[in-house]
**Student:** 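Next up is a structure, given as structure tokens.
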Amino acid sequence: MHNIKDIRNNFEDFKNSIKHRNIDINLNEIIELDKKNRNFIHDKEKLEMEKKSISKSKDESLFKKSKEISIQIEELSKKQKIIKDKLDNILSSIPNVPLNDVPLGKDENDNKEVVKVGKINKFSFKPKSHYELGEKLKMLDFDLASKTTGSRFVFVKDKLATLERAISNFMIDTHTKINGYTEISPPLMATDNTMFGTGQLPKFENDQFEIKFDDKNERKFLIPTAEVILTNMVKNQILNINSLPMRLVASTPCFRKEAGSYGKDTKGMIRQHQFYKVELVSIVENNKCLDELERMTNCATKILDDLKLPYRKIILSTGDMGFSAEKTYDIEVWLPSEEKYREISSCSSCGTFQATRMKARYKNKDNNTEFVGTLNGSGLAVGRTLIAILENYQTEDGSIIIPDVLKPYMGNIDKISIN
RNA sequence: GGAGAGAUGGCUGAGCGGUUGAAAGCACCGGUCUUGAAAACCGGCAAAGGGGCAACUCUUUCCUGGGUUCGAAUCCCAGUCUCUCCGCCA
């Protein structure tokens, strides 16, 4: 969330920086509401001061007046709250401001490639898609999933289930032992306030699965990514600077409605309602976000390097970035069946945007309170890594070679073959 | 599910109707001392918001929401969460 003070003081700058983010918000209304809000506050405080002085004086002749003032204050408060709520509603729907080095653009076509890594394997035969391979192995079962659960789910069976687990464990081990992250096994549900903190609510409620709990006021949602729950670990806190940077990693299922992507990637397990993802989150001093973004992205690409999968790194344009991000690198892995790169990780710096929403702060060197910087990135999407291994490591007879680094996690077998 | 106890500043923890925004300790920051550090001593140190170029000043906040009162951290009601004991189940 943006600080209204900053908007007020640099309104033109703010308007300019936000205009490349494809939003339709009347920014002038913000200024008006802010003005009204502050007027109400001013009037209210004047009355409160009077009331306070009466009760301090203990002068009984004024007690009646004090009572009247209370009523006036209450009325003013009501009016003020309406304006403030309206203002907050608008503010909480405005996306983060992109950093200067983010390419301007409308959508994903304006993203810029940063680097290509790895050698693309030339097959002597026509490479199959992951779902053809998986179904032939009888280890990916989409029909069974649609029978029990519906579309966009899959049963992963036998050696592929082991492989999926191996991928996840390999990633976690790399991030904890080499990259300096602390492993977390978090809840998979989050309250509405937690979802607000990272920016999933209020704007993107359509893509979240809400859980029916008790019929209380509080709402709970299945997490669409571990980012939500990991980042919110510091919400409503003032951290000691010594506890920064915090680097957290978790492997969790993620749940998404994928509303608005009907007809997209309907075949296979590219786009599912439920998938495993290893997520990296960093909480840092807010001036260290950019360095940390590079570091985090390197932690993610290290996995692909180790797995010897070809990939490229791109920087997202202003129009394609997520709501809370100020700068995002996507990492895309090569899929031979599609003959193109597909997203397997997204690493974003959110600056202080999420911290403002979460009220996550720290004491800086001068003992002043500042909002922390938050970053998140996939390291990596497990399901899509499974896909990439299936497709890039396939052989003509439909067997899958196990990448060297995963062998220890697979009982040292060399390949997965049809039974 | 039954019976209790509790929720106060970054943390621990006093206060239980009126200079209490809140004792004390720890942590943190600055200083003295020291070759440097530690220890010791001295000083500072809550957050959010409003006004002001600024020094500064005002308001709000002691889990949340209501209520009583001229006045609430303190009393009453409701809710949330935490802990202990018993039961039940993994």
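Naming: A, B, ... by sequence-line order, numbering from 1 per chain.
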**Student:** Could you let me know what B:rA5 is paired to, Watson-Crick or G-U wobble, both distances under 3.5 Å, or none if it's on its own?
**Tutor:** B:rU82
**Student:** What is the base-pairing partner of B:rA55, counting Watson-Crick and G-U wobble geometry with both distances under 3.5 Å?
**Tutor:** none
**Student:** Both distances under 3.5 Å, Watson-Crick or G-U wobble: report the partner of B:rA90, or none.
**Tutor:** none
**Student:** Between A:Asn364 (CG) and B:rA47 (P), how many Å, whole number?
**Tutor:** 11 Å
**Student:** Please measure how far the P atom in B:rU35 lies from the corresponding atom in B:rG44, and state the result in whole Å.
**Tutor:** 28 Å
**Student:** Can A:Lys313 be said to sit on top of A:Tyr329's aromatic six-ring, NZ or CZ under 6.0 Å from centre and within 45° of the ring axis?
**Tutor:** yes
**Student:** Examine A:Arg357 relative to A:Phe196 and say whether NZ or CZ is less than 6.0 Å from the centre of the six-membered ring and inside a 45° cone about the ring axis.
**Tutor:** yes
**Student:** Between B:rU57 and B:rC70, how many Å separate the two P atoms, rounded to a whole number?
**Tutor:** 31 Å
**Student:** We want to know whether A:Thr176 and A:Glu183 form a side-chain donor-acceptor pair, criterion being a heavy-atom distance below 3.5 angstrom.
**Tutor:** no
**Student:** How many whole angstroms separate atom NZ of A:Lys58 from atom P of B:rC70?
**Tutor:** 15 Å
**Student:** Taking B:rU59 as the reference, what is the distance to B:rG4 when you measure between their P atoms (whole Å, please)?
**Tutor:** 42 Å
**Student:** What do you reckon, is NZ of A:Lys235 surrounded by more than 12 foreign heavy atoms closer than 6.0 Å?
**Tutor:** yes
**Student:** Distance between the P atoms of B:rG21 and B:rA27, in whole angstroms?
**Tutor:** 28 Å
**Student:** If the C1' atom of B:rC16 is compared with that of B:rA73, how far apart are they to the nearest Å?
**Tutor:** 8 Å
**Student:** How far does the P atom of B:rU74 sit from the matching atom of B:rU82, given to the nearest Å?
**Tutor:** 23 Å
**Student:** Mind checking who B:rG43 pairs with, Watson-Crick or G-U wobble, both distances under 3.5 Å?
**Tutor:** B:rC29
